[in-house]
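Data block below; observations after.
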Amino acid sequence: MRLEKCWFCSSTIYPGHGIQFVRNDAKIFRFCRSKCHKNFKMKRNPRKVKWTKAYRQLHGKDMTKDATFEFERKRNRPERYDRNLTEQTLKAIPLITKIRHDRLEKHISNRHKPGKRKEMEKDSKELDQDIGLLPKKLISNELAVEKPKIKVKVVQQQTEDNAMEE
């Protein structure tokens with residue numbers, strides 16, 4: 001079963017699906033759905049259309065460079081069937097999938113870090129500016145929670161001068 005890639009959005013095209021366009025110079029363009037075909041006919045650049053894989057890779061939204069992508073690469077050279085190699089490959093697929101998933105999660109969390117930090121800064125600034133709008137009970141409770149009071153016993157030692165004055 002041969003799986004093709006859509007020329008416009010880079011999604012997978014399964015057998016019996018999609019549209020194929022052959023240009024006068026015999027160049028073949030495969031599209032996964034009519035949306036991609038129509039955008040191609042409108043001469044839109046896939047790198048400028050936000051929902052395409054090319055846009056997401058160009059703008060750092062998706063992982064682009066990772067060793068796990070090498071396994072998915074198309075190879076035009078036929079390989080001689082080897083039972084052991086096939087068995088090792090099938091055993092490695094779940095491990096590679098897990099590694100790719102973990103790296104993708106890490107990439108996404110790293111991508112969201114600056115936005116979360118900016119949001120926290122904005123929220124703290126807004127709280128500092130509008131602290132007077134909060135009810136006084138809430139403010140006093142927050143201060144009590146933030147800064148617990150420490151009781152310290154102070155013992156006053158009487159000096160000889162102080163004792164003589166009495």
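- By the 4.5 Å heavy-atom criterion applied to side chains, Arg111 and Lys61 are counted as neighbours.
- Taking the six-membered ring where tryptophan is involved, the planes of Phe31 and Trp7 are perpendicular, since the angle between them exceeds 60° and thus also 30°.
- Here NZ of Lys48 is found 10.0 Å from NE2 of His59. Values are rounded to the nearest 0.5 Å.
- Other residues, nucleotides and ligands place no more than 12 heavy atoms under 6.0 Å from the CE atom of Met120.
- To the nearest 0.5 Å, atom NZ of residue Lys41 and atom SG of residue Cys36 are 12.5 Å apart.
- Residue Lys5 places its NZ atom among more than 12 non-hydrogen atoms of other residues, nucleotides or ligands, all under 6.0 Å distant.
- Ring planes of Phe40 and Phe29: tilted class, angle from 30 to 60°.
- The structure places NZ of Lys35 at 10.5 Å from SG of Cys6, a figure rounded to the nearest 0.5 Å.
- Scanning both residues, Pro15 and Leu3, for their nearest heavy atoms gives CD-CD2, 4.0 Å.
- Here the OG1-CG distance, from Thr97 to Leu104, works out to 12.0 Å after rounding to the nearest 0.5 Å.
- Annotation: side chain of Arg2 is in contact with side chain of Glu4 (closest heavy-atom distance under 4.5 Å).
- In terms of heavy-atom proximity, Leu90 sits nearest to Pro94 at O-CD, 3.4 Å.
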Given the rule in the salt bridge (Lys or Arg N to Asp or Glu O under 4.0 Å) test, do Glu87 and Lys91 qualify, once you have shown the distances and angles that lead to the verdict? CA-CA 6 Å; Glu87 185 178 333; Lys91 284 182 181 177; 3.5 Å; yes
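- Within the 4.5 Å cutoff, no side-chain heavy atoms of Asn45 are placed close to those of Tyr55.
- Dense packing is recorded around NZ of Lys27, with more than 12 heavy atoms of other residues, nucleotides or ligands lying under 6.0 Å away.
- Considering only heavy atoms from C-beta on, Gln20 comes within 4.5 Å of Ile28 through its side chain.
- The number of heavy atoms from other shown groups lying within 6.0 Å of NE2 (His101) does not exceed 12.
- Looking at Asp102, Ile96, Leu95 one by one, the single match for side-chain contact (heavy atoms from CB on, under 4.5 Å) with Ile99 turns out to be Leu95.
- The pair Asp25-Arg23 counts as a salt bridge, with a side-chain nitrogen and a carboxylate oxygen less than 4.0 angstrom apart.
- By the criterion of side-chain heavy atoms lying less than 4.5 angstrom apart, applied directly or through intervening Ile, Leu, Val, Met, Phe, Trp or Tyr residues, Phe21 is grouped together with Val49 in one hydrophobic cluster.
- We find the CD1-NZ distance between Ile108 and Lys113 to be 13.5 Å, quoted to the nearest 0.5 Å.
- Counting all heavy atoms, side chain and backbone alike, Phe8 lies closest to Pro46 at O-CB, 3.4 Å.
- The CZ atom of Arg33 sits 4.5 Å away from the SG atom of Cys9 when rounded to the nearest 0.5 Å.
- In this structure, Glu105 does not pair ionically with Arg103, as no charged nitrogen and carboxylate oxygen lie closer than 4.0 Å.
- Looking at Glu121 and Lys125, no side-chain N of the basic residue comes within less than 4.0 Å of a carboxylate O on the acidic one, giving no salt bridge.
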